[in-house]
Protein chains: 2
Amino acid sequence: MPHTVIEVSRSTLKRLPLYLHVLEDLHRQKQEYISCTALALKFDFGSIQVRKDLEVTGAEGTAKIGFRISDLIRNIKTFLGWHNVQDAFLVGAGNLGKALLGYRDFDLYGLNIVAVFDKDPAKIGTRIFDKEVMPVEKMPGLAARMHVNIGIVAVSAIAAQEVVNVMVASGIRAVWNFAPAPLEIPQGIILENARLTQSLAVLSNKLKCLLEEETKESVPCPM
Amino acid sequence: MPHTVIEVSRSTLKRLPLYLHVLEDLHRQKQEYISCTALALKFDFGSIQVRKDLEVTGAEGTAKIGFRISDLIRNIKTFLGWHNVQDAFLVGAGNLGKALLGYRDFDLYGLNIVAVFDKDPAKIGTRIFDKEVMPVEKMPGLAARMHVNIGIVAVSAIAAQEVVNVMVASGIRAVWNFAPAPLEIPQGIILENARLTQSLAVLSNKLKCLLEEETKESVPCPM
DNA sequence: TCTTAATCGATATAATTCTATCGATAAAAC
DNA sequence: GTTTTATCGATAGAATTATATCGATTAAGA
Ligand SMILES: NC(=O)c1ccc[n+]([C@@H]2O[C@H](COP(=O)([O-])OP(=O)(O)OC[C@H]3O[C@@H](n4cnc5c(N)ncnc54)[C@H](O)[C@@H]3O)[C@@H](O)[C@H]2O)c1
Ligand SMILES: NC(=O)c1ccc[n+]([C@@H]2O[C@H](COP(=O)([O-])OP(=O)(O)OC[C@H]3O[C@@H](n4cnc5c(N)ncnc54)[C@H](O)[C@@H]3O)[C@@H](O)[C@H]2O)c1
């Protein structure tokens, strides 16, 4: 029997953590069930969207009462791979790198930063959130030994490609990139860009439209 | 004559900063022109996509040689509203807040953080990247006086709604939210969520599929 | 017990977004 | 000077994604 490939859109994938956060909140408040209708109220999209998204995780609801929250949480986490926390290397102990190191909730999102690397001699050897900053040269050896699959790029754009190359050579399977540069990566390695500027671009454009609309009146701006 | 409303998709808006970064890089290297074909090589989508995106900014190219890079940069920045830098307030002087304060490139992206607020008495009065942390109570007065339109939320999820409410009451027009909580906001105010976990979710899911595919062989996983 | 109302699950339709095609144009090659 | 090639700009078509509809199901109320 041919195992049918379930197509999961990127959009759906990106909505799942939104649901998860709300669901964990409700779970802490001891609520047991929720309907798609109720869940959708928290967002600016509809209940059908929510139901369709939850469907891909294999969740099953009951008519009239909805879904069991604990089931949904488990299903979403399993679907995303967040039930098993993955170890990760972080390269770049700068402003952003420090923030990521200090983020307490990554374990909820399946991520555990186990080591930090930098190339600045002034930073190497110092400790940030109880982790020693190591020279990049140590990465290949450690990656193999510790079976680390995820590499986080938090260096300047100019250095990003070089860092990724080292990561790939070290056996890293997935790269989470915070630098604004487009990176080249061999086939079979996962690359995901976390670009703040994308989000900022949407905000800026909307604000520009809003402000323009106010000064010159009757300037149409799509919202 | 009816001014036709140009529909700009969110997807297009989010790709524009990607182009911008590459273009500014090429500009520094004194390259004068680029074709959509060449630009698209940097990304995992095609040249037609690039051309269609650039079109919305009003850019005009020349057959055989492509677009003048300086024109493209100007057009994109104008379209996003990044040619005029907007002042912004940041609330939450924690790990992430500090990283944002220390980010040198925001001026390139039309953003200038002019003040920082927190509610922790231990932090109030301290200086971070040469900016004094102020109590949240001071925001309403300052916002009106300084005509600040953008508010950045970098507090814990539990406090985010409360902070946004103060921002809105202070006359903030656009909110850039880093907390994972869904926020309620009145009609007419812009809300943009910068959620790292969305990006992480895509990465995690892909990695999970990759790893599963390896252990049990012949498990199909959509990529 | 029977009716009502809310919700799920599946299917169908609509909207959006991406990709391909083709003539026009401008530079380069011949 | 003519041909060739690369690219733009516009339009048409395909694919993807979001939304609506409808019967089935289950709990609650009459
Ligand atoms: N700070 C932010 O809020 C923010 C926001 C969005 C994007 N980013 C991006 O994240 C990246 C880091 O930003 P930042 O503000 O932390 O910069 P930063 O300058 O504070 O830190 C960069 C760190 O990377 C290290 N580094 C540079 N080249 C290296 C190399 N080849 N190998 C190892 N380490 C190297 C530096 O020594 C430094 O410690 C940049 O690409 C930036 O554009 C930052
Ligand atoms: N650190 C990261 O890398 C990271 C990544 C993704 C998302 N986030 C999100 O960003 C937010 C901040 O994260 P963080 O790591 O900086 O947390 P943090 O605890 O280091 O900082 C939070 C800051 O907000 C302040 N604060 C709390 N309630 C406040 C209120 N009502 N008014 C004013 N200030 C208040 C606290 O005093 C503290 O200084 C969180 O919602 C977190 O989920 C952080």
Side-chain angles (χ1 to χ4, degrees), chain A residues 4-16 18-19 22-23 26 31-72 75-76 79 198 201-202 205-206 222-223, chain B residues 4-16 18-19 22-23 26 31-72 75-76 79 198 201-202 205-206 222-223:
Chain A
T4 42
V5 176
I6 314 135
E7 271 304 331
V8 179
S9 78
R10 197 183 160 79
S11 328
T12 291
L13 226 34
K14 287 170 77 177
R15 279 187 297 265
L16 292 177
L18 309 185
Y19 305 142
V22 172
L23 293 168
L26 295 171
Q31 187 175 326
E32 228 183 318
Y33 288 89
I34 191 162
S35 71
C36 292
T37 323
L39 191 49
L41 287 178
K42 303 268 184 180
F43 304 99
D44 58 353
F45 45 83
S47 61
I48 301 150
Q49 180 90 83
V50 175
R51 193 174 312 127
K52 215 170 142 282
D53 288 339
L54 297 179
E55 195 173 78
V56 307
T57 71
E60 282 178 23
T62 320
K64 187 85 178 180
I65 56 169
F67 295 81
R68 184 188 289 271
I69 289 174
S70 57
D71 286 356
L72 285 183
N75 278 358
I76 293 175
F79 187 76
Q198 293 199 329
V202 178
N205 175 261
K206 283 187 191 165
M223 271 275 298
Chain B
T4 42
V5 175
I6 315 136
E7 271 304 332
V8 180
S9 76
R10 200 183 157 79
S11 328
T12 291
L13 226 34
K14 286 169 79 178
R15 278 186 298 265
L16 292 178
L18 309 185
Y19 306 141
V22 172
L23 293 168
L26 295 172
Q31 188 175 325
E32 228 183 318
Y33 287 89
I34 193 164
S35 70
C36 293
T37 322
L39 192 50
L41 287 177
K42 303 267 184 180
F43 305 99
D44 58 353
F45 45 84
S47 60
I48 301 151
Q49 180 89 82
V50 175
R51 194 173 311 127
K52 216 168 142 285
D53 288 339
L54 297 179
E55 195 173 79
V56 306
T57 71
E60 281 177 25
T62 320
K64 187 85 181 183
I65 55 171
F67 296 80
R68 184 189 288 271
I69 289 174
S70 58
D71 286 356
L72 285 182
N75 278 359
I76 293 175
F79 187 77
Q198 293 198 329
V202 178
N205 176 261
K206 283 187 192 166
M223 268 273 299

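The shown structure was predicted, so the numbers you read here are calculated from the model rather than taken from an experiment. Each chain gets a letter, A, B and so on, in the order the sequences are listed, and its residues count up from 1.
Here the closest non-hydrogen pair linking Cys36(B) and Phe67(B) is SG-CE1, 3.4 Å. Closest approach of Val50(A) and Tyr19(A) over heavy atoms only: CA-OH, 3.6 Å.
Residues passing the side chain to side chain donor-acceptor pair (under 3.5 Å) test with Asp71(B), sequence neighbours excluded: Arg74(B).
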For nucleotides 17-23 of chain D, 5' to 3', base contacts (B), sugar-phosphate-only contacts (S) and non-contacts (-) with protein non-hydrogen atoms under 4.0 Å give SSBB---
Heavy-atom contacts, protein to nucleotides 24-30 of chain C, under 4.0 Å, summarised as B (base), S (sugar-phosphate only) or - (none) per nt, yield -BBB---
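A side-chain donor-acceptor contact under 3.5 Å links Gln31(A) to the backbone of Tyr33(A). A side-chain donor-acceptor contact under 3.5 Å links Asn205(A) to the backbone of Phe79(B).
At whole-Å resolution of the value, OH in Tyr33(A) and C1' in dA6(C) are 16 Å apart.
With a 6.0 Å cutoff to the six-membered ring centre and a 45° limit on the axis angle, Arg15(B) does not count as a cation-pi contact of Phe43(B).
In this structure the side chain of Leu26(A) reaches within 4.5 angstrom of the side chain of Val22(A), judged on heavy atoms. Side-chain contact between Arg68(A) and Thr62(A) is absent, with no heavy-atom pair separated by less than 4.5 Å.
No contact: Ser47(A) has no heavy atom under 4.0 Å from any strand.
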